[in-house]
Amino acid sequence: MTDERGATYTHGHHESVLRSHQRRTAEDSAAYLLPRLKPGLSVLDIGCGPGTITADLAARVAPGPVTAVDQSTDVLDVARAEIEQRGMSNVSFATADVHRLDFPDGTFDVVHAHQVLQHVADPVGALREMKRVCAPGGVVAARDADYAGFVWFPELPALDLWRDIYRRAARANRGEPDAGRRLLSWAQRAGFADVTPTGSVWCYATPATREWWGDMWAERILHSRIARDLVDLGLAGPAQLEEISAAWRAWAAAPDGWIAIPHGEILCRT
């Protein structure tokens, strides 16, 4: 999927990618925002993906309305099913590009984007557009990972290769894989004067979480969009992708396996 300014979503929407996103909750992915939510607020959730975070946000602001947007209609269908399964009635859906949101100025009390700005061609412009549709006194919230900051053990050379070629592919697709450290700078350039920057970490080190993360990336590196992009860009061949896949499974099987994934976060008051 390519946005209106030419960036390509590096991960694509393979089942292994959606499976990763469906594990996310507001508690583990938007904890920095939760204290600002209360019943009756209106929310725009940009890049909603399969809708698990959306549903958690909607539960906190109900009966306030939540609008969930994504560029992929297929992914929106998954999000609708999630909302329907939970029996929620305060969520609506639309396709949208964050650079050009089809909403009037000042529509929403909260504008939220999780793992979105790292994938867009113009993150500063995207934040300006998020600011435009946010009501005076509202908040724009964004959280993004920082791939250069990933830390893991055991230190397997194939995983160093994975990070290097992933970052190169993401930039070839006009994204910024090290977005987390840049969020504050982007918000300042977008014209926000009142920004609270924070950070948080996902850590996977138990047998269950290692198995989930390692198996998920072992599949993604072979079967998702990133696999095709890496080959097409000449960054890796099939043998190297198989080596990386095997390394993720070896990491997951290690009894002392551990990974920390840092994120930047911003709360921008309008």
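Side-chain contact between H263 and D146 is absent, with no heavy atoms from C-beta onward closer than 4.5 Å. You'll find the side chain of W186 reaches within 4.5 Å of the side chain of P123, heavy atoms only.
Closest of all the heavy-atom pairs between V91 and A68 is CG1-CB, 4.4 Å. When all heavy atoms of P154 and G257 are compared, the closest pair comes out as CD-CA, 3.9 Å. Between L156 and A250, the shortest heavy-atom contact is CD1-CB, 4.4 Å. Listed here is the closest heavy atom pair of D70 and C48: OD2-N, 3.4 Å. The nearest pair of heavy atoms linking P50 to V75 is N-CG1, 3.9 Å. When every heavy atom of A96 is checked against every heavy atom of L101, the shortest pair comes out as CB-CD2, 4.2 Å.
Annotation: side-chain contact (heavy atoms from CB on, under 4.5 Å) contacts of R249 (sequence neighbours excluded): D215, A218, E219, S245. R132 meets the side-chain hydrogen bond (donor to acceptor under 3.5 Å, both in side chains) test with D105, E129; sequence neighbours excluded. In this structure V195 satisfies the side-chain contact (heavy atoms from CB on, under 4.5 Å) test together with L184, A187, F192, I266, C268, sequence neighbours excluded. Legend: residues meeting side-chain contact (heavy atoms from CB on, under 4.5 Å) with L235, ordered by chain and number and at least two apart, are I165, R168, A169, L230, L233.
Inspection of the E176 and H119 side chains reveals no N or O donor paired with an N or O acceptor under 3.5 Å. A donor atom on one side chain and an acceptor atom on the other are not found under 3.5 Å apart for R143 and T198.
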Please evaluate residues M88 and N90 with respect to the criterion side-chain contact (heavy atoms from CB on, under 4.5 Å), reporting the C-alpha separation (whole Å), side-chain torsions for both, the decisive distance (0.1 Å), and the verdict. CA-CA 6 Å; M88 309 183 80; N90 62 325; 4.1 Å; yes
List the steps and the verdict of side-chain contact (heavy atoms from CB on, under 4.5 Å) for V66 and V61. CA-CA 8 Å; V66 174; V61 302; 3.6 Å; yes
CA sep, side-chain torsions, deciding dist, call: T67, F93, side-chain contact (heavy atoms from CB on, under 4.5 Å): CA-CA 6 Å; T67 303; F93 299 90; over 6 Å; no
Please test W213 against I261 for side-chain contact (heavy atoms from CB on, under 4.5 Å), starting from the C-alpha separation and ending with a verdict. CA-CA 11 Å; W213 178 265; I261 301 166; 3.4 Å; yes
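Clustering of Ile, Leu, Val, Met, Phe, Trp and Tyr by side-chain heavy atoms under 4.5 Å joins V201 with none of the others.
Residue R128 holds its CZ atom at 7.0 Å from CG of D122, rounded to the nearest 0.5 Å. How far CD of E243 is from CH2 of W162: 14.5 Å, rounded to the nearest 0.5 Å. Note that CG of D144 is 4.5 Å distant from CD of Q118, once rounded to the nearest 0.5 Å.
R86 and E82 are joined by a salt bridge, as a carboxylate oxygen and a charged side-chain nitrogen come within less than 4.0 angstrom of each other. Looking at D97 and R100, no side-chain N of the basic residue comes within less than 4.0 Å of a carboxylate O on the acidic one, giving no salt bridge.
Of the listed residues (W152, W212, F150), just one forms a ring pair (Phe, Tyr, Trp, His ring centres under 6.0 Å) with Y204, and that residue is W212. Evaluated for a side-chain contact (heavy atoms from CB on, under 4.5 Å) with T95, the options D102, V69, L76 yield exactly one hit, L76.
Using cut-offs of 30° and 60° for the angle between ring planes, the W251 and W248 rings count as perpendicular.
Pairs passing the side chain to side chain donor-acceptor pair (under 3.5 Å) check and including a residue from residues 35-48, sequence neighbours excluded, read S42-D109, D45-T54, D45-H112.
Other residues, nucleotides and ligands place no more than 12 heavy atoms under 6.0 Å from the CD atom of E155.
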